Structure formats: structure tokens, C-alpha cells
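Below is one structure, written out as C-alpha cells; comments come after it.
Quantities reported herein were computed from a predicted structural model and do not represent experimental measurements. Just so you know, these numbers use all the heavy atoms, side chains as well, and skip hydrogens, waters and symmetry mates.
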Amino acid sequence: MNVTRWFGLASLTLLLASNALAEDKAPAAANAAVGRWTTIDDETKKPKSVIAIYEENGKLYGKIEKLFRDPKEDQNPVCDKCEGSLKNQPIIGMTILRDLKKDDDEWSGGTILDPANGKTYKCKVAVEDGGKKLKVRGYIGMSLLGRTQHWVRAE
């Protein structure tokens, strides 16, 4: 076999192998936001909670799975500042992320509830750092008026 033909076959084999790998990674990348995420307190920089993010009917949702609380604090607090059906409901198990839809490389168009103040904000999220961090932006009106947190993938 001549050298040119061998390089041609080797190149074709590499191309096919790289396409197969890309296809294997595509579904994982599309759902990279799905999983368990540790939220970090803005002031203390300590873990605050674990949020389980899941996909249902093409939309993302997130439920509080665990709270990191001081032993002196109520270990299963209720959302006393929430309104409507969430008023005085346990925070653990509460769905705080709702209806986020895939929009290019982020999820947007949904809402996030802050149980600390009972308020709901528009929200968008994006996976960063090779899937290790989740950039979560809550805002009022337009995205410029809001706050961003970085959650880390829970182990």
C-alpha cells in the first residue's frame, strides 16, 4: 500500500472515530445541567443547599434536596415568606427552578424562587467549567437587573 493511500485511510478512520465520539457526547452536553448542584452562600461562601435539577417534557426543574444548617437552626424549615400554595411548606423538597427551556448554550425563560424572601425571579442557567459549575442568573425584568450565583456540581 502506498504512503498516500495509507494516510488517506488513517485520516478517514480518525474522522469517523471523532464523529462517533462527538455523537456520544452530544446528549450528555445537551443535558449537562441535569444533576445535583451545591449552592454557595453569597456572604459566607459556605455550602447552603443541594438542588436536584431534572428535565421533564423538555424543560428543567430544580428541587431542594438538602440544606446545610447550623445545628442550632431548624433542620426542616418552612417557607414562611412564600405566598399562595407554598406558604408555610417545607423548604426541603420544594421546587425552586421551573420551566427553563433550552436556548442555544443556556436554559432560560423560567423562574427561580428564593425561599429566604419568598420572591420569584426570572431565571437563566448555563453550564460552565466543563460541567463542574452552573451559572445561575435570577433577575427582574431584563437580565441586567439581577444577581448571579455559581453552583458547583455535588458529589
Side-chain angles (χ1 to χ4, degrees), residues 16-155:
L16 292 173
S18 66
N19 283 345
L21 287 174
E23 286 174 13
D24 286 345
K25 290 182 180 179
N31 294 326
V34 171
R36 296 173 67 243
W37 297 92
T38 301
T39 67
I40 308 298
D41 187 278
D42 292 334
E43 294 172 12
T44 67
K45 306 299 181 208
K46 293 181 180 178
K48 191 171 182 179
S49 64
V50 174
I51 309 297
I53 295 182
Y54 57 98
E55 187 175 348
E56 190 174 285
N57 298 321
K59 295 180 182 179
L60 284 188
Y61 296 85
K63 186 178 286 197
I64 297 177
E65 189 175 88
K66 178 180 180 178
L67 295 174
F68 296 99
R69 312 270 294 170
D70 186 276
K72 297 174 187 169
E73 294 179 295
D74 182 356
Q75 296 302 302
N76 193 16
V78 296
C79 192
D80 56 356
K81 294 184 177 156
C82 289
E83 296 177 358
S85 63
L86 295 178
K87 178 82 172 164
N88 294 322
Q89 294 299 309
I91 291 174
I92 297 174
M94 186 174 282
T95 301
I96 62 163
L97 277 175
R98 293 185 178 278
D99 299 322
L100 292 160
K101 297 177 226 57
K102 187 78 171 130
D103 183 18
D104 291 326
D105 60 347
E106 67 182 19
W107 293 80
S108 63
T111 60
I112 187 166
L113 168 72
D114 182 351
N117 64 21
K119 294 183 180 180
T120 300
Y121 304 93
K122 291 181 181 180
C123 180
K124 64 181 181 176
V125 302
V127 178
E128 296 182 336
D129 198 15
K132 296 177 187 171
K133 291 184 181 177
L134 189 68
K135 180 180 176 181
V136 181
R137 179 104 180 129
Y139 57 96
I140 299 170
M142 59 183 154
S143 182
L144 293 174
L145 305 172
R147 178 176 93 180
T148 299
Q149 288 187 331
H150 286 89
W151 299 355
V152 295
R153 193 168 292 277
E155 309 229 342

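Side-chain atoms of Q89 and C82, non-hydrogen and from C-beta on, never get closer than 4.5 Å to each other. R147 places none of its side-chain heavy atoms less than 4.5 Å from the side chain of Y139. Using a 4.5 Å heavy-atom threshold, the side chains of F68 and D41 count as separate. At a threshold of 4.5 Å between non-hydrogen side-chain atoms, the residues D99 and Y61 count as touching. Between D103 and K101 the shortest side-chain heavy-atom distance does not fall below 4.5 Å.
The SG atom of C123 lies 11.5 Å from the CG atom of D114; values are rounded to the nearest 0.5 Å. Separating the OH atom in Y54 from the CG atom in L97 is a distance of 9.5 Å, to the nearest 0.5 Å. Residue L86 holds its CG atom at 11.0 Å from CD1 of I96, rounded to the nearest 0.5 Å. Note: K66 NZ to K48 NZ = 16.0 Å, rounded to the nearest 0.5 Å. In this structure, Q149 CD and K133 NZ are separated by 13.0 Å, a value rounded to the nearest 0.5 Å. Interatomic distance, CG of D129 versus NZ of K135, reported as 13.0 Å (0.5 Å rounding).
The heavy-atom pair separating R153 from G131 by the smallest distance is NE-O, 2.8 Å. Closest of all the heavy-atom pairs between K63 and G93 is CG-O, 3.2 Å. In this structure, S49 and T39 approach most closely via the heavy-atom pair OG-OG1, 2.7 Å. For the pair K102 and W107, the tightest heavy-atom approach, listed with the atom from each and the gap, is N-CE3, 3.2 Å. The two residues S108 and K124 make their nearest non-hydrogen contact at CB-CB, 3.8 Å. Scanning all heavy atoms of the two residues, the minimum distance from I112 to G138 falls at CG2-CA, 4.2 Å.
Within 6.0 Å of atom NZ in K81, 12 or fewer heavy atoms from other residues, nucleotides or ligands are found, so the atom counts as exposed in its surroundings. Open room surrounds CD on E83; 12 or fewer heavy atoms of other groups in view lie less than 6.0 Å from it.
The only option from I51, V125, V50, I40 that meets the side chain to side chain contact (heavy atoms under 4.5 Å, CB included) definition with W151 turns out to be I51.
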